[in-house]
Amino acid sequence: MASRSDRSRTKTPPVGDRISSVLQESRSFTPATSFSARAHVSSAKALAALRRQADADPVAFWQERARELVWFRDWKRALVWKHPHAQWFVGGTTNASMNCLDRHLGGWRRTKAALIWEGEPGDVRTLTYQQLHAEVCKAANALLHLGVKAGDVVAIYMGMVPEAVIAMLACARIGATHNVIFGGFSSEAVRERINDSKAVVLITQDGAYRRGQTVELKTAADEAVRRCPTIRHQLVLRRTQQPVKMKRGRDHWWHELVDGASSINEPAQLPSEHPLFILYTSGSTGKPKGILHTTGGYLTQVAYTCKMVFDLRDDDVYFCTADVGWITGHSYIVYGPLLNGATVMIYEGTPNHPQPDRFWDIIERHAVSIFYTAPTAIRSFMKWGEAWPAKHDLSSLRLLGTVGEPINPEAWMWYHEVIGRGRCPIVDTWWQTETGAIMISPLPGASTTRPGTATVPLPGIQADVVRKDGTSCAANEGGLLVVKHPWPSMLRTIYGNDERYRAAYWSEFPKRRGHPGWYFTGDGARRDEHGNIWIIGRVDDVVNVSGHRLGTAEIESALVSHARVAEAAVVARPDEVKGNALVAFVTLKASATPTPALAEELRAHVAREIGPIAKPDEIRFTEMLPKTRSGKIMRRLLREIVTSGVATGDVTTLEDAGVLERLRAGEEE
Ligand code: WTA
């Protein structure tokens with residue numbers, strides 16, 4: 001099934017305006033005939049036909065996909081495109097929760113497991129579609145009881161518990177817009193996301209289990225809402241039983257309010273463009289962006305891609321290791337699989353608790369057939385060693401997936417051989433919080449895959465690698481990844497900030513005479529001679545650390561909020577496991593002295609301000625940062641210093657060339 005040949009590879013990160021990529025990888029894998037025979041799309045020919053159909057009329061193609069959802073009322077216009085704002089399936093009404101739940105209740109899926117959940121301590125709960133439906137209806141009624149109305153925003157700050165899924169679907173059911181905030185964020189980050197979205201209710205839990213410890217979510221929530229004037233109520237799930245403060249009139253226990261509520265709730269009939277959720281993600285400025293997704297288009301593309309890319313079938317047990325706090329959790333733990341009536345495996349804790357074989361143990365015990373994780377996780381598994389997966393029967397697996405960052409060919413091969421035991425196709429899926437759903441990916445029964453590339457855009461998606469002047473790049477020439485035609489699950493705007501939406505995504509290739517205007521992804525990429533797209537990495541100040549997207553500006557502003565810090569610049573250097581590690585160059589105020597203790601304090605400060613995931617790996621104190629004459633910090637030079645130890649790039653605009661010398665010297669100390 002596999003053809004191989006020698007390869008050589010080195011990788012250069014984007015440097016300044018020039019994007020260089022000399023990665024070469026020539027091993028390729030075609031799907032086994034036994035896999036293809038049963039797949040939804042079972043040959044390269046079938047895929048090509050689908051693509052031709054989609055290319056001929058993408059809107060008609062997506063309309064056909066939208067008809068696979070249940071609509072209360074049909075749409076009048078499939079796409080209304082007023083650059084850069086898209087509306088899909090205008091005039092149609094539907095409901096996400098109804099599509100994920102109610103429509104499966106009419107037949108045998110009523111008693112099928114929707115969620116199989118395993119807590120970190122080892123407790124297991126299974127919810128059938130009927131049971132999940134009942135829980136969602138109860139939670140929806142509880143939210144209505146708290147005065148939540150369609151169009152209100154509800155913040156959800158929870159760990160990986162079934163109630164997080166229930167809360168999301170309950171919001172969707174009544175037309176409230178959910179704003180899920182990753183449970184690893186600090187109270188500061190929670191407050192910012194609640195205030196920006198003007199959430200009226202916060203759903204949280206006493207504590208969450210993580211790595212054998214408990215994380216105090218309720219305490220952090222209380223700290224956050226002290227300065228959140230829009231929050232009227234908190235709904236609190238009891239999970240760890242740890243003591244928490246409940247404020248009378250404001251705070252309500254889930255088990256009192258939800259468990260006592262009626263399990264009958266009619267889903268609201270909502271316009272296709274009704275806001276389904278806001279999800280904050282890092283951009284290149286200090287303030288996170290509230291990415292707004294709406295209903296009909298999002299569901300259409302998420303349902304279709306989940307079915308096709310994961311080749312979902314009714315007998316699959318599908319396990320995605322993401323957290324619901326990220327887009328992968330939204331689209332491929334909650335909406336995508338449930339829209340397809342799948343059985344979703346959810347695990348609460350960390351992969352190395354109590355031992356580094358927890359995932360393999362889960363796969364074996366629950367007979368997981370599809371496993372979707374991030375390259376950074378795979379690199380950790382590699383580090384922990386093959387003995388851990390070797391202890392388990394992984395024969396239930398039939399398909400593997402990755403997302404979140406470029407996968408290095410070594411990790412791909414390891415995943416293929418050690419986890420997939422050479423049998424399972426790997427789908428490397430490229431997409432973003434903004435795209436809502438998978439955009440570039442193989443289809444496992446049809447595509448030839450190569451370690452390190454997400455291959456080509458899915459049918460219905462028009463992505464290209466272009467030069468700054470908009471012309472398409474030649475084969476293997478590095479360029480910018482753009483999307484040329486609106487797609488159903490695209491973000492609609494940045495919540496409350498159309499201007500920033502336009503500037504962030506539509507200004508690189510703006511609409512003008514003779515040019516329709518394209519969406520710029522922020523990624524650098526190249527297309528090889530087979531047409532496969534290889535992602536090189538972000539070309540903006542967004543970095544990917546352990547599969548988490550972080551804005552360096554956000555971390556810088558957290559550092560500068562410390563009383564002793566005058567200025568800070570954060571850059572990434574390659575890291576074997578995390579993909580990138582963060583190095584913070586910090587200039588202190590005159591009264592402060594650089595000490596290792598202060599470096600530790602600054603790292604802890606960032607953890608408090610944003611969350612432990614944003615902690616710099618290294619703090620380098622410096623008397624001055626390299627700047628342009630106009631005062632802009634030259635992060636490019638700092639990047640070069642941390643990656644190669646020397647800065648060779650253009651320094652003609654540097655304000656004080658001596659700064660570089662001192663920074664380099666500092667490194668050698
Ligand atoms: C990167 C995650 C290479 C990319 C769903 C993108 C990838 C950013 C891949 C979005 C992939 C995601 N190969 N790079 N398969 N998938 N990325 O918003 O840089 O957390 O722009 O969405 O992750 O990260 P986000």
Side-chain angles (χ1 to χ4, degrees), residues 11 13-14 19 21 23 25 180 182 184 277-284 288-291 293 301-302 305-306 309 320-333 335-336 372-378 400-409 411-412 415 426-442 447 449-458 463 465 480-483 489-491 494 504-505 508 519-526 532-551 554 572 578-580 613-614:
K11 190 176 160 184
I19 298 169
S21 161
L23 179 82
E25 171 61 58
V180 182
F182 175 54
F277 65 88
I278 303 167
L279 181 61
Y280 284 82
T281 190
S282 298
S284 45
K289 303 185 278 200
I291 303 300
H293 282 287
Q301 192 173 335
V302 160
T305 52
C306 196
V309 172
C320 166
T321 68
D323 189 285
V324 287
W326 308 108
I327 191 68
T328 307
H330 284 61
S331 301
Y332 298 104
I333 291 179
Y335 292 107
Y372 188 31
T373 195
T376 181
I378 298 169
L400 303 173
T402 74
V403 60
E405 57 183 309
I407 182 164
N408 45 312
W412 197 101
Y415 199 29
I426 297 179
V427 286
D428 175 351
T429 62
W430 179 91
W431 59 296
Q432 311 178 293
T433 305
E434 291 86 344
T435 69
I438 297 171
M439 304 287 278
I440 305 176
S441 171
S447 307
T449 55
R450 283 166 204 275
T453 171
T455 72
V456 297
L458 290 174
V465 180
L480 304 172
L481 182 65
V482 297
V483 186
S489 65
M490 65 192 281
L491 77 165
I494 291 175
Y505 306 107
E508 193 73 29
Y519 170 84
F520 176 44
T521 62
D523 279 1
R526 75 175 164 94
N532 290 317
I533 295 176
W534 299 73
I535 305 295
I536 301 168
R538 302 286 310 193
V539 296
D540 54 12
D541 291 319
V542 174
V543 286
N544 216 311
V545 178
S546 297
H548 295 143
R549 189 170 143 179
L550 299 168
E554 225 173 304
K578 298 157 91 172
N580 287 291
I613 50 165

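Atoms within each ligand, like the ligands themselves, are counted from 1 in listed order. All values below come from the heavy atoms of this structure, side chains included, with hydrogens, waters and symmetry mates left out.
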[X] side chain to [Y] main-chain N or O, any donor-acceptor pair under 3.5 Å?
{"X": "His330", "Y": "Val324", "answer": "yes"}
{"X": "Ser441", "Y": "Ala454", "answer": "no"}
{"X": "Gln432", "Y": "Thr521", "answer": "yes"}
{"X": "Glu554", "Y": "Pro288", "answer": "no"}

In chain order, what residues pass the side chain to side chain donor-acceptor pair (under 3.5 Å) check against Thr305, with sequence neighbours excluded?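 Once residues adjacent in sequence are excluded, the partners of Thr305 under the side chain to side chain donor-acceptor pair (under 3.5 Å) criterion are Tyr332.
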Measuring from each atom of ligand 1, which residues have a heavy atom under 4.0 Å away?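 Ligand 1 is contacted, at a heavy-atom distance under 4.0 Å, by Ile327, Thr328, Val403, Gly404, Glu405, Pro406, Asp428, Thr429, Trp430, Trp431, Gln432, Thr433, Asp523, Ile535, Arg538, Asn544, Arg549.
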Run the side chain to side chain donor-acceptor pair (under 3.5 Å) test on Thr373 and Tyr415 for me, step by step, so that the C-alpha distance in whole Å, both residues' side-chain angles and the decisive distance to 0.1 Å come before the verdict. CA-CA 10 Å; Thr373 195; Tyr415 199 29; 5.8 Å; no
